[in-house]
Amino acid sequence: MPRHVECVDCHNPHGVSPALHVPLSAPRTVPPIGATMRFVSGVNRSGGKVESARFEYEVCFKCHSYGTAISTSRPRISRQITQQNTLLEFQPTNPSFHPVISPRNNDEVVSLRGSWRVGSVLRCTDCHNSDSAADRGFGSARGPHGSIHEPLLIENYDTADYTTESNRAYALCYRCHDRQSILADESFPLHSEHVVRGRTPCSACHDAHGVSRLQGNARNHSHLINFDRSIVTPASGGLRSRIVYEDQGRRTGSCTLTCHGVTHVNFTYEP
């Protein structure tokens with residue numbers, strides 16, 4: 001059949017129960033399946049089919065892991081490393097990942113807001129949700145049914161080059177990451193230089209889901225580094241046309257690449 005989704009792919013009308021309202025911003029350990037998705041089949045973190053999913057991500061993996069839907073779809077951003085199988089992107093053995101299927105104990109993420117902390121876990125629907133769920137109370141439309149923000153995002157996330165930094169431009173990121181901390185360069189000493197003065201979008205450097213260990217390594221792809229090739233190009237001029245990021249320790253690293261017409265060769269940054 002043509003690629004499509006039906007209500008019963010995510011919901012069992014005989015298994016739902018009243019939902020306990022949990023704020024979308026509340027951090028948590030690995031959360032169990034929600035009340036509206038009980039007794040629905042899924043795919044677990046190992047790629048095996050399960051008759052009754054225990055976690056929200058297992059339902060999502062039915063369409064967003066292995067299969068023709070992944071192999072025939074085009075990536076939204078042309079990455080240095082291309083991977084559309086989210087099951088592989090979120091594995092806790094990866095060089096970097098957003099913590100969806102397992103907590104990430106990374107104390108270098110100093111920009112987290114409020115009660116978000118080392119060991120917190122995200123749900124898929126913390127990012128992919130109805131836009132009305134972001135600013136309305138309990139009872140509003142929730143879930144990844146539709147949104148004015150592509151691709152089914154709860155908040156706006158601009159990925160175009162030369163985006164002017166603002167609360168709205170990167171509203172999705174600022175749900176968990178403190179804007180003032182980012183712009184004060186507390187996590188990366190050149191954040192404000194890139195994002196504010198250079199008007200470089202977050203997505204130019206960071207791949208939101210993660211980088212699979214099958215394709216990347218901790219030295220070159222920590223901190224979700226996976227460059228947007230439409231913005232970042234190889235360093236040229238007899239430099240073997242390289243695009244290289246190297247993690248050299250806490251808040252220290254180097255880049256060899258060209259961005260906005262400026263060529264970096266082993267350009268090193270440190271606190």
Side-chain angles (χ1 to χ4, degrees), residues 1-6 8-10 30-34 37 40-104 106 120-129 143-145 147 149-154 157 159 172-173 176 201-232 243 245:
M1 297 180 66
R3 182 183 177 189
H4 72 292
V5 177
E6 298 182 8
V8 292
D9 288 325
C10 301
V30 180
I33 196 77
M37 302 173 75
V40 176
S41 64
V43 171
N44 63 28
R45 61 194 290 179
S46 300
K49 295 181 179 180
V50 292
E51 183 176 350
S52 185
R54 295 182 302 153
F55 308 107
E56 179 184 88
Y57 66 78
E58 292 182 335
V59 177
C60 302
F61 283 165
K62 286 200 295 183
C63 295
H64 296 282
S65 58
Y66 301 98
T68 56
I70 296 300
S71 61
T72 59
S73 60
R74 298 180 60 183
R76 294 178 57 83
I77 295 176
S78 176
R79 292 286 180 191
Q80 186 180 14
I81 289 178
T82 299
Q83 180 56 255
Q84 293 180 265
N85 184 335
T86 56
L87 185 151
L88 297 180
E89 291 179 307
F90 288 132
Q91 291 297 321
T93 53
N94 287 348
S96 56
F97 60 92
H98 259 128
V100 170
I101 67 177
S102 177
R104 176 69 183 265
N106 183 356
S120 293
V121 179
L122 289 166
R123 295 172 298 180
C124 300
T125 49
D126 283 323
C127 294
H128 298 285
N129 210 313
H145 302 117
S147 174
H149 309 300
E150 296 185 36
L152 288 177
L153 297 177
I154 190 171
Y157 178 46
T159 59
L172 184 71
C173 306
C176 299
C202 305
S203 58
C205 298
H206 301 291
D207 189 346
H209 286 161
V211 179
S212 170
R213 64 182 175 83
L214 302 177
Q215 298 167 287
N217 58 70
R219 182 171 180 82
N220 302 118
H221 297 281
S222 58
H223 309 298
L224 301 175
I225 298 296
N226 189 12
F227 297 114
D228 180 344
R229 288 298 307 275
S230 70
I231 299 174
V232 178
I243 298 179
Y245 159 76

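All residue numbers refer to positions in the sequence shown, counting from 1. Hydrogens, waters and symmetry mates play no part in the numbers below; they use all other heavy atoms, side chains included. Quantities reported herein were computed from a predicted structural model and do not represent experimental measurements.
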*Does atom CZ of R219 have more than 12 heavy-atom neighbours from other groups under 6.0 Å away?*
yes
_For a 4.5 angstrom cut-off between non-hydrogen side-chain atoms, does C60 reach T86?_
no
*Report the distance from atom CZ of F55 to atom CD1 of I101, rounding to the nearest 0.5 Å.*
10.0 Å
*E58 side-chain N/O to V50 backbone N/O, donor-acceptor pair under 3.5 Å*: no
_How close do Y245 and H223 get, counting heavy atoms only, and between which atoms?_
OH-CD2, 3.5 Å
*With the side chain counted from C-beta on, respond yes when E89 and D207 share a heavy-atom pair under 4.5 Å apart, and no when they do not.*
yes
*asked:* For K62 and S41: C-alpha separation, side-chain torsions, deciding distance, then whether side chain to side chain donor-acceptor pair (under 3.5 Å) applies.
replied: CA-CA 8 Å; K62 286 200 295 183; S41 64; 3.2 Å; yes
*Output the distance between atom OG1 (T159) and atom CZ (R76), rounded to the nearest 0.5 Å.*
6.5 Å
*asked:* Set out, in order, the CA-CA distance, both residues' side-chain angles and the distance that settles ring-ring contact (aromatic ring centres under 6.0 Å, His included) for H98 and F90, then state yes or no.
replied: CA-CA 7 Å; H98 259 128; F90 288 132; 7.9 Å; no
*So, for I243 and V232, which heavy atoms are closest and what is the spacing to 0.1 Å?*
CD1-O, 3.8 Å
*Looking at side-chain heavy atoms only, is the closest gap between D9 and C63 below 4.5 Å?*
no
*Between CG of N85 and OG of S212, what distance do you get to the nearest 0.5 Å?*
8.5 Å
_R79 side chain vs N226 backbone, donor-acceptor pair below 3.5 Å_ = yes
*asked:* Quick check for you: to the nearest 0.5 Å, what is the distance between I154 atom CD1 and C127 atom SG?
replied: 8.5 Å
*Atom of I225, atom of H221 and distance for their closest heavy-atom approach*: O-ND1, 3.0 Å
*How many angstroms lie between atom OG of S65 and atom OH of Y57, to the nearest 0.5 angstrom?*
12.0 Å
*Give a yes or no answer on whether the side chain of S46 reaches the backbone of G48 with a donor-acceptor pair at less than 3.5 Å.*
no
*asked:* Using a 3.5 Å distance criterion without hydrogens, assess whether the side chain of T125 forms a donor-acceptor pair with backbone atoms of G143.
replied: no
*Do side-chain atoms of Q91 reach the backbone of R213 as a donor and acceptor pair under 3.5 angstrom?*
no
*Passes side-chain contact (heavy atoms from CB on, under 4.5 Å), L122 versus C176? Steps please.*
CA-CA 10 Å; L122 289 166; C176 299; 4.2 Å; yes
*Determine the minimum heavy-atom distance between S147 and N129, stating which atoms define it.*
CB-O, 3.6 Å
*asked:* If we ignore hydrogens and angles and just use 3.5 Å, is the side chain of Q215 paired with the main-chain N or O of T82 as donor and acceptor?
replied: yes
*Do you know which two heavy atoms are closest between V100 and V121, and how far apart they sit?*
O-CG1, 3.4 Å
*To the nearest 0.5 Å, what is the distance between OG (S203) and OH (Y157)?*
4.5 Å
*Heavy-atom closest pair, residues C202 and C173*: SG-SG, 4.1 Å
*asked:* Determine whether L153 and H128 satisfy the following criterion, side-chain contact (heavy atoms from CB on, under 4.5 Å), listing intermediate values before the conclusion.
replied: CA-CA 4 Å; L153 297 177; H128 298 285; 3.6 Å; yes
